[in-house]
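What follows is a single structure, written as structure tokens, with notes after it.
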Number of protein chains: 2
Amino acid sequence: MNFTELIETNGKIVNKKKGDHIFVQGSSNTSIYFIKSGLLKAYYITEEGKEFVKSFLLTNDVIGSLSSAYKGESCSFSLVCLEDSNLVEIPFSVIYSHCKTDHLIANSMIELLLNFSMKKEKREFEFLCMSAEDRYRKLEMDSPRILESVTQNDLARYLGVTPVGLSRIKKRVRL
Amino acid sequence: MNFTELIETNGKIVNKKKGDHIFVQGSSNTSIYFIKSGLLKAYYITEEGKEFVKSFLLTNDVIGSLSSAYKGESCSFSLVCLEDSNLVEIPFSVIYSHCKTDHLIANSMIELLLNFSMKKEKREFEFLCMSAEDRYRKLEMDSPRILESVTQNDLARYLGVTPVGLSRIKKRVRL
DNA sequence: GAAAATCATTAACCAAGGTTAAAATCTATG
DNA sequence: CATAGATTTTAACCTTGGTTAATGATTTTC
């Protein structure tokens, strides 16, 4: 069996409306989600009640709470639909246990984790080495889909600035 | 064969002196390194010539350039010893090809990548949601070994501020 | 152990972005 | 269409941290 077949066979199609949550920070959710269509936002709420956007998810992206699914803790972030979305949900344990006995599955999992790791390293680089303005310019170049589909508020909280700060950056970039 | 045996059998022991580089940004290096002892620094140099510290590596940590070893590009960062260090070097391709046929190896690799992913997510969270001062306080709590072994310059560039900025943060925290 | 180099602190000035609040737009929906 | 709610921009003021440069404090190295 290959990875795609495993997902097709054991996955459950989930259709969600704009505004619906897939899971919320603090609760438990041990599934992995494959985005078939739509747009989602993964976000943290800090103790002081401030929101920060971890990532936006588009078609073909994969998401799940590792701290809940793998470590057995609670989700460290929430996942909500910004547009009507179509996902395939599969328990992490199903994938994980197939890895134990099935090479193909294990190797697809390794592939997936390598790509995920590189994506996270890229974001680490952007926060460490680039200014908020540079991050905005880069997003403009690399991800116009996100730029045009997301409110300024969400975009700001993804870039690590406030909405007021982003408004100023945009003005500066316009000139 | 298990993962540890694979590393013992195919790995090469490498002893490096303080100041020695394991690999440098822009070159090719397709190995993975297991830190047996010592202290290392992984760092980026930007186009403008500024340094930023991606991570510090201690005993039992694992490091390698995914962009070089996995994607076949050049290393996006350099790796240098801050203290005399003892590493085991193994070609990524050796591990990767064993994954194709060996469950145990594949599953150890998955384990390793899951832990790496969670570590990167944690650092992403810290940059996204925490101030430089909070990051300093957290490092003080979580990683005293790093705090006491590393110069203010390197520490600052790890936290995402300048050495002058870190000096001010320390002063503020002292009060 | 003295000279050179590196590292840490301080100061003065500047730039980026946070905070709060108000105004201006835009979007839903009754 | 009109009102309520959300979104974006602007302004004023403040905090954090960058930059440059000078001064001490520590290490290296000869």
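First the proteins, then the strands, lettered A, B, ... as listed; each starts at 1.
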* Which ones in residues 154-161 of chain B lie close to DNA chain D, meaning a heavy atom under 4.0 Å from one of its atoms? ->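 Nucleic-acid contacts, sorted: Gly160(B), Val161(B).
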* Rounding to 10 degrees, work out the angle separating the end axes of the helix from dG1(C)-dC30(D) to dG30(C)-dC1(D) (five pairs an end). =>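 Both end axes considered, the difference amounts to 50°.
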Tell me: [atom1] of [X] to [atom2] of [N], nearest whole Å?
{"X": "Phe52(A)", "N": "dG17(C)", "atom1": "CZ", "atom2": "C1'", "answer": "13 Å"}
{"X": "Leu128(A)", "N": "dG18(D)", "atom1": "CG", "atom2": "P", "answer": "12 Å"}
{"X": "Glu51(A)", "N": "dT7(D)", "atom1": "CD", "atom2": "C1'", "answer": "14 Å"}
{"X": "Lys171(A)", "N": "dT8(D)", "atom1": "NZ", "atom2": "C1'", "answer": "12 Å"}
{"X": "Phe127(A)", "N": "dG17(C)", "atom1": "CZ", "atom2": "P", "answer": "13 Å"}
{"X": "Leu82(A)", "N": "dA6(D)", "atom1": "CG", "atom2": "P", "answer": "16 Å"}
{"X": "Leu166(A)", "N": "dG18(C)", "atom1": "CG", "atom2": "C1'", "answer": "14 Å"}
{"X": "Tyr136(A)", "N": "dA16(C)", "atom1": "OH", "atom2": "P", "answer": "17 Å"}

* Structure fact -> Counting primed atoms, P, OP1 and OP2 as sugar-phosphate and everything else as base, the B/S/- map of nucleotides 19-30 of chain C against protein heavy atoms under 4.0 Å is BB----------
* Which of the following nucleotides, dG17(C), dT16(D), dT9(D), is nearest to the side chain of Arg172(B)? ->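 Shortest atom-to-atom distance from the side chain points to dT16(D).
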For [X] against [Y], the heavy-atom pair lying closest together:
{"X": "Ala132(B)", "Y": "Ile169(B)", "value": "CB-CD1, 3.7 Å"}
{"X": "Ser74(B)", "Y": "Ser65(B)", "value": "O-OG, 4.5 Å"}
{"X": "Thr30(A)", "Y": "Ser68(A)", "value": "CG2-O, 3.8 Å"}
{"X": "Val24(B)", "Y": "Cys75(B)", "value": "O-CB, 4.0 Å"}

* To do: Tell me which residues in residues 138-153 of chain B put a heavy atom below 4.0 Å from DNA chain C, sorted by number, or none.
  =>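 DNA chain C contact set from residues 138-153 of chain B: Thr151(B), Gln152(B), Asn153(B).
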* Would you sort out whether Lys12(B) and Glu89(B) count as a salt bridge (charged side-chain N to carboxylate O under 4.0 Å, His left out), showing the intermediate values? => CA-CA 5 Å; Lys12(B) 190 176 118 200; Glu89(B) 173 181 33; 3.7 Å; yes
* Please report the C-alpha distance between Glu73(B) and Lys71(B) in whole Å, then the side-chain angles of each, then the deciding distance to 0.1 Å, and finally whether the salt bridge (charged side-chain N to carboxylate O under 4.0 Å, His left out) criterion is met. => CA-CA 6 Å; Glu73(B) 300 172 0; Lys71(B) 280 199 296 178; 3.6 Å; yes
* Which residue pairs satisfy the ring-ring contact (aromatic ring centres under 6.0 Å, His included) criterion with at least one member in residues 104-162 of chain B, sequence neighbours excluded? ->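 Sorted result for residues 104-162 of chain B: Tyr44(A)-Phe125(B), Phe56(B)-Tyr158(B).
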Can you get from [X] to [Y] by hopping between Ile, Leu, Val, Met, Phe, Trp and Tyr side chains that sit under 4.5 Å apart?
{"X": "Val53(A)", "Y": "Ile22(A)", "result": "no"}
{"X": "Val173(B)", "Y": "Met130(B)", "result": "no"}
{"X": "Leu159(A)", "Y": "Leu57(A)", "result": "no"}

* Restricting to pairs with a member in residues 93-103 of chain A, which pass side-chain hydrogen bond (donor to acceptor under 3.5 Å, both in side chains), not counting sequence neighbours? ->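 Sorted pair list: Tyr96(A)-Glu111(B).
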* Are a donor atom and an acceptor atom from the side chains of Ser149(B) and Arg145(B) found within less than 3.5 Å of each other? ->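 Ser149(B) vs Arg145(B): donor-acceptor pair found between side chains.
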* To do: Tell me whether the guanidinium CZ or amine NZ of Lys54(A) lies under 6.0 angstrom from the six-membered ring centre of Tyr43(A) and within 45° of its axis.
  =>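 No, Lys54(A) and Tyr43(A) do not form such a contact.
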* Where the side chain of Arg123(B) meets the backbone of Glu124(A), is there a donor-acceptor pair that is under 3.5 Å apart? ->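 No: the side chain of Arg123(B) does not pair with the backbone of Glu124(A).
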* Scan Ile169(A) against the nucleic acid and name what it touches under 4.0 Å (heavy atoms): base, sugar-phosphate only, or nothing. =>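 Sugar-phosphate, backbone atoms only, no base.
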